[in-house]
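Remember, predicted model here, so these are calculated numbers, not experimental data. First listed ligand is number 1; within each ligand, the first listed atom is number 1.
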Amino acid sequence: MTSPIVRFAPSPTGRIHIGNARTALYNWLYAQQHGGDFILRFDDTDKARSKQEFADGILTDLAWLGIEPSRIERQSARFAEYEVVTEDLKAKGLLYPCYETGEELERKRARRRARGLPPVYDRSALKLTQDEKDAFEAEGRKPHWRFLLPNYKDDVFAIERTEIHWDDLFIGPQTVDLGSMSDPVLVREDESWLYTLPSIIDDAAFGVTHVIRGADHITNTGAQIAIFQALGFTPPAFGHHNLLTGSEGEGLSKRLGSLSLEGLRADGLEAMAVASLASLIGTSDAVEPISRMEDLAKLFDPHKVSKSPARFNVAELEGLNAKLLHNLPYESVAARLAVPDNTDGRLFWEAIQGNLQKLADAEIWAQIVTSGADPLIDEEDREMVHQAIAMLPQEPWSTATWMDWANAVKAETGRKGKGLFMPLRKAVTGSASGPEMSKLLPLIGRNTVLDRLS
Ligand code: GLU
């Protein structure tokens with residue numbers, strides 16, 4: 001196989017959420033696996049709603065996830081190309097003007113349903129005479145333009161079953177009947193394009209070999225293949241992955257705020273926790289924190305992705321985030337970790353990583369390593385802690401110091417088990433839980449412990 005070229009094609013009309021991240025990641029992982037190229041294409045034909053700030057934000061979100069497009073394109077820069085193809089399709093009669101309003105179309109659909117017919121467009125615009133069209137134009141009506149699907153032999157009104165097949169990368173062989181579909185609208189009344197035609201022109205122009213996208217596009221694929229063919233292009237391979245929903249089964253865009261990549265990042269979640277969940281949920285692989293994109297790419301297989309929607313839940317993401325941090329090597333966080341002054345970053349990380357839910361929690365422990373904590377001493381432990389302070393070993397301290405100290409205190413006070421260790425931990429860290437004391441104590445150091453306890 002020659003190297004694949006994939007594309008992720010968001011509309012920059014808002015920020016992307018974890019469900020969009022799944023699409024971006026599947027494209028990226030596929031490209032990584034096969035040594036292919038990943039194109040980021042902004043589908044910004046809707047000039048009013050597309051914003052540069054959203055395009056910039058999407059780039060930031062992808063970079064955060066570790067996705068680096070090898071090429072960035074925007075449809076708004078390519079209108080001249082689309083114009084040429086549009087005029088050509090019009091000249092060939094494959095794109096025809098329709099003057100029905102939304103209400104008229106709705107009435108037609110209702111009438112067809114009432115007669116037990118599928119609510120597809122009846123092509124009545126093809127029966128309009130030039131005079132009738134002129135009359136509509138004189139009224140101020142503007143046409144929208146439909147693509148004439150190749151579902152007939154000679155007579156456009158004698159529609160026949162016309163099968164289109166594709167072998168979907170994710171869901172296997174698919175068949176749709178162009179005879180049961182409405183001619184798709186490609187150009188709106190205001191002369192703007194829907195994403196369909198520009199997308200096809202671009203996929204062909206950029207040599208896209210695989211269109212990987214959400215299952216919400218399955219129903220568009222038959223007509224799109226027909227348009228590729230009408231333009232003389234070989235259609236790419238298609239793959240449609242199951243969608244993510246919220247924990248109640250609702251669409252994710254409804255909760256874009258909290259589930260946007262921007263929001264998840266601001267909440268302090270790790271990019272690889274998000275990437276792991278976004279790509280592994282709803283597959284036959286276990287949802288595990290994977291710390292490197294290369295390893296996610298090794299796991300990725302479209303056949304492992306289930307056919308039904310997968311529910312996404314923030315609690316699961318938070319759990320995965322903690323699990324990821326508990327196993328991350330120091331190198332993966334070194335650049336982002338706030339290490340206390342005069343402290344070995346690796347030792348600090350190894351001491352605290354098992355206690356983190358989010359990386360930002362490291363600051364609490366950095367604070368304690370730097371300047372200790374307000375001691376927490378229960379009344380019944382006061383005397384014992386007092387004795388323990390006097391027995392604090394001399395420096396240098398190592399990971400053996402904690403047990404040396406505890407053993408000395410045990411010998412002196414007769415305390416053991418929890419009654420020995422807990423009061424010492426609470427006195428030094430101000431908390432009943434936290435990192436292993438043998439690792440933490442030498443990082444805090446004798447002077448700081450004494451300063452706080454004396
Ligand atoms: N802009 C389209 C969307 O976000 C792209 C669909 C496609 O990938 O073909 O839905």
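- Just one residue in the list W145, F147, F79 forms a ring-ring contact (aromatic ring centres under 6.0 Å, His included) with W193, and that residue is F79.
- A donor and an acceptor atom, one from each side chain of D43 and Q75, are located under 3.5 Å apart.
- Counting only N and O atoms by type, the side chains of D202 and Y82 include a donor and acceptor under 3.5 Å apart.
- For the residue pair R141 and T101, no side-chain donor N or O sits within less than 3.5 Å of a side-chain acceptor on the partner.
- A donor-acceptor pair shorter than 3.5 Å cannot be found between the side chains of E139 and Y99.
- Residues T221 and R213 bring a donor and an acceptor atom of their side chains to less than 3.5 Å of each other.
- Using a 4.0 Å heavy-atom criterion, the residues that approach ligand 1 are R7, A9, S11, D43, Y195, R213, H217.
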